[in-house]
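The next block holds one structure in the form of structure tokens; read it before the comments.
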Amino acid sequence: MNRHVIISAVLLLALSFSSNAQDRYFGLHFDFHASPGRCPAIGSTLSEADIQEICDLYRPDFIQVDSKGHPGWSSYPTEYGDEVPGIVGNPMETWRKVTRENGVQLYAHHSGVYDAIYCQKHPEEAVMRADGTRSGEYSRTNGSYADDKLIPVVKELAGRYGLDGVWIDGDCWGAQMDFDPRTVAAFEKETGIDLKGELPVNADSPHYMEYANYMRKLYRDYLKHYTDEIHAEYPGFKVISNWAYTEHMAGPVTAGNECISGDLDWRNSVMWGRYSGRSAVMQGLPWDMMAWSFRNVQGNVTKTPVQLMQEGAAVISLGGGFQFYVPQDVNGAPNMKVLRYLAPTAEFFHARREWTFGGHPRKQVAVLMETEQRLAEQGEWSKEGNSGIYPRAGYQRLIGLISILCDAGHSVSLISERDLSSAEDYPVIIVPDLLQKLQDSTWDRLQAYAEAGGSLVLTGRATKALYGYDEVKEPTVFKTGKGTVAVYPGEMSTSYMNARISWDRKNFSDFLLTLYDPEVRLVSAAGLVEIVDFEKDGRMMVQLVNVNGNHYDEKSLTEDFIPPVLDVVLKVRMDRRPKAVYQQPDGRKLKYKWNDGYCEVTVPRVDIHSTIVFN
């Protein structure tokens, strides 16, 4: 048969299987970052029977499987990549065959700018450090890497192998400051800034922020370039860059990603899921988060099924999809022992799809995540000698605040400066402890929000000093126009990361309750329960996540029992009396009281996650 006819046929088949590629509710991720020597005889023990068993046990919407890790070596036969020697058979064809037969989408785990072998073969295309040495791992985003290697290999995965998409790892978080003379000259030409031979190595250097922002522009251009090139030939193929346009890479979606995704920190994936998930929700795109199935201590200690259920509950309660990562063996075969052990997670997530996936939190308390503030925090990180352009520096101010609010039972969202046009939809907006003043336009918008009737809360010592409230020693509320500016001077957001103090949580929660009447109020509960005021398909719901347990404790590697939350009493403001209230997915009908626009309902027990549905 004519080669072009074959490719066309494969393309049509690939497109037919990618029509639901945004339907990434529940999935599994495999990778092993192949390299010669460490990974002999890749494919030698991979069997169709094992892949079929995975499909039977989990019934996943999608599977992500290794294609190229950070060392840069491909773990399957490839015409365009750097293939690991000694591959047995064709592992990628085996994965594609069985997943296609089961209607499961197949994505490649593929490392992006983090490509050690490419940098070793093409040192002139590796990032140059300020001292003139070259990186052995990270490629230049404005160099030839995308056209030489990334794009051809990904097109091969789409065409020859008929995959549904690619999950690009080691990309935005791997992008580095580059002082290659070509990059420096291009910066000076495009910006008109003369560096006078002094490289902006960190935030104390002249023009550091301008140069760092230029590097971020180069990354966004690179992301758009390779996405556009791939879509030009394979328009149905989904390109997802790990952590792009999340809290890791602050800012609006400008190019590339059709789906937001990221792998959560293994240390406390419940905390990271609630934070990163809220950053993904802001972008208005399909999204999912990945938990690791193990804690990276003492040789990868496998988590229990109930731990993964709790971590995933923090994600699906916000309307997103969830996947978890099980490392492949060094020969590319899935670890069936671990997969069989974790199989109970599948039914947990499938049962909750109807009540979570595709919904979104309703607007109640908002915490400001402002782009310039995040970039300034990253600049401070550079003073420690770090050169990544999208690090997580300064996250404690935000993640601590989110955790306090969630643990206290407030339904909370993140809001960016570009979304402040709808600020009036939120009864409360909280400004976290700041590193520097907000942009004038952002501060003006927040003041206008308060004047119009909103409650603006300034937290932390630095914030109150920056805005003229340095003398305020206790939580204080100031009237302004129709609304209020409240000052809460404590440092509780950062300290909560290191030491959870129950009265700090309670005091801050009680203070907030003087400023607004929640649509969903937690009256009482025996245990810690996270509440998400939620809407799906036009219906109001309440997501309840049991956040008991030791997930904050890095020394508690596994736990096979998480105490249930008991006797959860909610007071829900509604415009009509419900006909009935149910706890899903159990289908349990709950008793409730109705009083003048409020429905008070008692939920006897929440083991890990429940959705309260009002009919």
Side-chain angles (χ1 to χ4, degrees), residues 112-115 118-119 121-151 170-229 241 244-245 248-256 370-391 393-394 417 435-437 439-441:
V113 298
Y114 195 164
D115 190 313
Y118 186 82
C119 291
K121 287 186 173 183
H122 307 277
E124 75 284 356
E125 295 304 325
V127 163
M128 180 177 281
R129 306 182 185 96
D131 63 4
T133 61
R134 294 280 184 179
S135 169
E137 299 175 319
Y138 301 107
S139 62
R140 301 171 58 240
T141 57
N142 59 332
S144 60
Y145 168 72
D147 291 316
D148 277 359
K149 186 174 181 182
L150 180 63
I151 293 170
D171 214 42
C172 78
W173 62 262
Q176 306 286 305
M177 295 284 277
D178 175 36
F179 299 106
D180 184 287
R182 292 165 292 181
T183 303
V184 173
F187 166 78
E188 292 181 326
K189 181 178 180 180
E190 289 189 34
T191 64
I193 295 173
D194 184 357
L195 295 176
K196 298 182 172 60
E198 184 177 351
L199 298 178
V201 295
N202 62 45
D204 289 332
S205 307
H207 305 296
Y208 170 81
M209 191 57 70
E210 293 95 333
Y211 198 83
N213 283 335
Y214 179 71
M215 294 305 305
R216 296 177 185 117
K217 172 188 176 297
L218 292 181
Y219 174 79
R220 292 192 299 270
D221 291 346
Y222 151 87
L223 175 58
K224 183 178 188 305
H225 172 63
Y226 76 67
T227 303
D228 287 350
E229 286 294 312
S241 180
Y245 305 116
H248 217 319
M249 178 181 163
V253 177
T254 57
E370 196 248 2
T371 301
E372 291 302 315
Q373 190 69 207
R374 296 289 289 118
L375 298 181
E377 290 164 342
Q378 291 167 2
E380 287 298 300
W381 189 72
S382 71
K383 295 179 184 178
E384 301 173 12
N386 300 293
S387 59
I389 63 172
Y390 288 118
E417 71 276 15
L435 190 66
Q436 62 182 27
K437 275 195 170 185
Q439 295 184 86
D440 289 345
S441 58

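When reading the values below, keep in mind they use all heavy atoms of this one structure, side chains included, and skip hydrogens, waters and symmetry mates. From a predicted model like this one, the values you see are computed outputs, not experimental measurements.
- Considering only heavy atoms from C-beta on, Val113 comes within 4.5 Å of Thr141 through its side chain.
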For Glu125 and Lys149: C-alpha separation, side-chain torsions, deciding distance, then whether salt bridge (Lys or Arg N to Asp or Glu O under 4.0 Å) applies.
CA-CA 12 Å; Glu125 295 304 325; Lys149 186 174 181 182; over 6 Å; no

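- The two residues Asp171 and Ser241 have their closest heavy-atom pair at OD2-OG, 3.3 Å.
- Note: Thr254 OG1 to Arg216 CZ = 13.5 Å, rounded to the nearest 0.5 Å.
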Might you work through the side chain to side chain contact (heavy atoms under 4.5 Å, CB included) test for Leu218 and Thr183, ending with a clear yes or no?
CA-CA 10 Å; Leu218 292 181; Thr183 303; 4.1 Å; yes

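- Nearest heavy-atom pair across Pro206 and Pro200 is O-CB, 3.6 Å.
- Of the possible polar contacts, one joining the Gln373 side chain to the Leu435 backbone as a donor-acceptor pair under 3.5 Å is found.
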Determine, stepwise, if the pair Asp115 / Glu137 fulfils side chain to side chain contact (heavy atoms under 4.5 Å, CB included).
CA-CA 5 Å; Asp115 190 313; Glu137 299 175 319; over 6 Å; no

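- Side-chain contact between Val184 and Leu195 is present, with at least one heavy-atom pair separated by less than 4.5 Å.
- In this structure, Ser135 OG and Arg140 CZ are separated by 12.0 Å, a value rounded to the nearest 0.5 Å.
- Atoms CG and OG1, on Asn213 and Thr191 in that order, are 11.0 Å from each other to the nearest 0.5 Å.
- Put simply, the side chain of Gln378 reaches to within 4.5 Å of the side chain of Leu375, judged on heavy atoms.
- For the pair Arg129 and Asp178, the salt-bridge criterion is not met [side-chain N within less than 4.0 Å of a carboxylate O].
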Output, in order, the C-alpha distance, side-chain angles, deciding distance and verdict of side chain to side chain donor-acceptor pair (under 3.5 Å) for Gln439 and Glu370.
CA-CA 9 Å; Gln439 295 184 86; Glu370 196 248 2; 3.1 Å; yes

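- Residues Tyr245 and Cys172 are not in side-chain contact: their nearest non-hydrogen atoms beyond the backbone lie 4.5 Å or more apart.
- For Met249 against Ala244, the heavy-atom pair with the smallest separation is SD-CA, 3.6 Å.
- Here the NE2 atom belonging to His225 is positioned 3.5 Å from the CG atom belonging to Asp147, to the nearest 0.5 angstrom.
- Taking every heavy atom of both residues into account, Lys224 and Ala255 meet most closely at CB-CB, 3.2 Å.
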Between Arg182 and Met128, is the side chain to side chain contact (heavy atoms under 4.5 Å, CB included) condition met? List the steps.
CA-CA 10 Å; Arg182 292 165 292 181; Met128 180 177 281; over 6 Å; no

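- Ring geometry, Tyr211 versus Phe187: the interplanar angle exceeds 60°, so the pair is classed perpendicular (tilted spans 30 to 60°).
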Report the C-alpha distance between Asp180 and Arg134 in whole Å, list the side-chain angles of each, state the deciding distance to 0.1 Å, and finish with yes or no for side chain to side chain contact (heavy atoms under 4.5 Å, CB included).
CA-CA 9 Å; Asp180 184 287; Arg134 294 280 184 179; 2.8 Å; yes

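- Between the CD atom in Glu188 and the OH atom in Tyr214 there is a gap of 10.5 Å [rounded to 0.5 Å].
- Using cut-offs of 30° and 60° on the angle between ring planes, the pair Tyr118 and His122 is tilted.
- In this structure a side-chain-to-backbone donor-acceptor pair under 3.5 Å is present from Ser205 to Val201.
- Here the CD-OG distance, from Glu372 to Ser441, works out to 9.5 Å after rounding to the nearest 0.5 Å.
- Among residue pairs with one or both ends in residues 381-391, those qualifying as side-chain hydrogen bond (donor to acceptor under 3.5 Å, both in side chains) are Gln176-Ser387, Asp204-Lys383, Glu380-Lys383; sequence neighbours excluded.
- The one candidate from Trp173, Tyr114, Tyr219 that meets the ring pair (Phe, Tyr, Trp, His ring centres under 6.0 Å) condition with Tyr138 is Tyr114.
- Heavy atoms of other residues, nucleotides or ligands lying less than 6.0 angstrom from CG of Asp131 number more than 12.
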